[in-house]
Amino acid sequence: MLMRKIGIPAIFGVFLLSVVASGFKGSTVRIREAQAQPASGEAEGRTVYERYCQGCHGAEGDGKGPDSHFLDPSPRNFTTGVFKCRSTPSGSLPTDEDLLRIITRGVHGTAMPRWKPLLELERRAVSQYMKSFSRRFREEKPEPPIVIGGEPPMSRSSVDAGRKVYERAKCWECHGPGGKGDGPSAATLKDDWGNPIRAYDFTNVEAFKCGSSAQDIYRTFTTGMNGTPMPSFAGAISEEERWQLAHYVISLGRVPDRPIWSRFIREKP
Amino acid sequence: MRARRELTGLLIAGAVLAGLAWGYEEASVPDGGSLTGSVKLAGVPPELSPIPVKKDRDVCGERTESEALVIGSNKGVKNAVIVVEGMTKGRPAERELTLDNAKCLFVPHVSAVMVGAPAKAKNSDPILHNTHGFLERITVFNLALPTQNQVIDITKRLKKPGVVRVMCDAHTHMFAWIVVHDSPYFAVTGEGGNFKIDGIPPGTYKVSMWHEGFMQRGFDRDGRPLYDEPRIATKEVSIPAKGSATVEFELK
């Protein structure tokens, strides 16, 4: 019984390590190749995709690779052109920079590792190859990114103001009064594919999918997360209120008894 | 199955027309004709069970009547959408759309709008709604409306012709439809199932009727009502100069 409890996370951990390790190993090989000959766009992207991405995201980009069965949340299906983490308005395709950022950072709280060990050249090439799986990228253009202004300093008063915005904008209906993801609407939330989806627990500060800096959180409020029930609050609350809300949300994760090392595993952009 | 294939066909046609929609040219139509007609239900109207309300019952009530099939006098079907297809030139878009969240219902339940015509989402209720639109199962907008009387522009979100299904993630009983068309030649049937489209340049056109589908398939685990696939029928109609043509659709 004990073995079984340890077994599954351990196997999963080994799998993840192997994915990340293959990324490191690959990058050295690729650096040599890239120096030898310049990248050839799509062919380069395809090579990178087949090597690192296909196992989870599938040869057709439909998120149904052989390893996808072991993953929750499921790997992204690229054929729909729907991405959670973007700088563009609700419903829009992401920009090239958005895709590069996701690949570079990885997606917290999921099996998607950070691919920073790959060359930027390779990350850019593979993001272009990803786009080829969805006809939306041929038919539509991403809308202009939202503008993120200067962040006012985080203070006790901005956090307090943010708490009021949290109540007024009804964030608690899904995310819960204490930000633990247990609000009255949380039980019936579904993603675009009809799968149950959890409202985010803000006390888990390390795992914001689209990044955990105030700018990242501000961006997520403003753009919403396509494919999920998280709506865009652009037009619903002011820019000042969004900064206050970001500060409040950050404050929810600052629990005094949090181990000191937790700060070091926070992702930097 | 067939209905789904037809719908897919229509959506693909819509996507193709999206390219053409760029080319829709506004012009005066001095010799325009009109199209009138009605949509009627064939057979006995099914009993549709009310939809239970799961949240905010103080504002929304205990349950709502299903709006999937609204029958008026003479078995006329309200909320069917009629579109004239393949129009590349004609009168300008004159209508705009406001999709209201009022007493926990989307009002109107079925609407139509031309690509690029002003469209807004509104919340008249003192509670949070989020207006979440899907085109071909893909989110085209998902907007939080936490404040009473808040209005958010969705014009740019409706840039592709097709049928947008609208839901509220906060309230499982709420749903609505927006038919986004590539020309201003469309109508939504009224109480008696009647419609009228004016100012159509003379010619022979395909005219299609869309209805959301109404045979009840029960409820999903969250209490959202399930109905069968939308119904689509197409007829060919000749519009005479300065004259009038009629077309009748039967919903089975």
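In Arg57(B), the CZ atom is crowded: over 12 heavy atoms of neighbouring residues, nucleotides or ligands sit closer than 6.0 Å. At most 12 heavy atoms of other shown residues, nucleotides or ligands fall within 6.0 angstrom of atom CD in Glu60(A). Other residues, nucleotides and ligands contribute only 12 or fewer heavy atoms inside 6.0 Å of the CZ atom of Arg46(A). More than 12 heavy atoms of other residues, nucleotides or ligands shown are found within 6.0 angstrom of CD on Gln148(B). No more than 12 heavy atoms of other residues, nucleotides or ligands shown are found within 6.0 angstrom of NZ on Lys103(B).
Taking 4.5 Å as the limit, every side-chain heavy atom of Glu173(A) sits out of range of all side-chain heavy atoms of Pro146(B). Residues Asp192(A) and His132(B) meet the side-chain proximity criterion, which asks for heavy atoms closer than 4.5 Å. In this structure, the side chains of Lys170(A) and His129(B) stay at 4.5 Å or more apart for every pair of heavy atoms. Annotation: side chain of Asp222(B) is in contact with side chain of Lys190(A) (closest heavy-atom distance under 4.5 Å).
Between the side chain of Asn142(B) and the backbone N or O of Met225(A) there is no donor-acceptor pair closer than 3.5 Å. Proximity of a side-chain donor or acceptor of Gln150(B) to a complementary backbone N or O of Gly235(A) within less than 3.5 Å is detected.
Between the CZ atom of Arg168(A) and the CG atom of Leu128(B) there is a distance of 13.0 Å, given to the nearest 0.5 Å. Rounded to the nearest 0.5 Å, atoms OG (Ser90(A)) and CZ (Arg157(B)) are 6.5 Å apart. To the nearest 0.5 Å, the span separating CG on Asn130(B) from CZ on Phe233(A) amounts to 8.0 Å.
Between Glu136(B) and Arg136(A) there is no salt bridge, since none of the side-chain N atoms of the basic residue sits less than 4.0 Å from a carboxylate O of the acidic one. No salt bridge links Lys159(B) with Glu139(A); every basic N to acidic carboxylate O contact stays at or beyond 4.0 Å.
Among the candidates Cys174(A), Ala169(A), Ala187(A), Gly81(A), the residue making the largest number of heavy-atom pairs closer than 4.5 Å to chain B is Ala169(A). Residue with the most contacts toward chain B among Gly91(A), Pro196(A), Gly183(A), Pro184(A): Gly91(A) (heavy-atom pairs, distance under 4.5 Å).
Contact annotation for Ser92(A): neither backbone nor side-chain heavy atoms come within less than 4.5 Å of a heavy atom of chain B.
Heavy atoms only, all atoms of each residue included: Ala144(B) and Ala236(A) are closest at O-CB, 3.4 Å. Contact between Ile138(B) and Thr80(A) at its shortest, heavy atoms only, is CD1-O, 3.5 Å.
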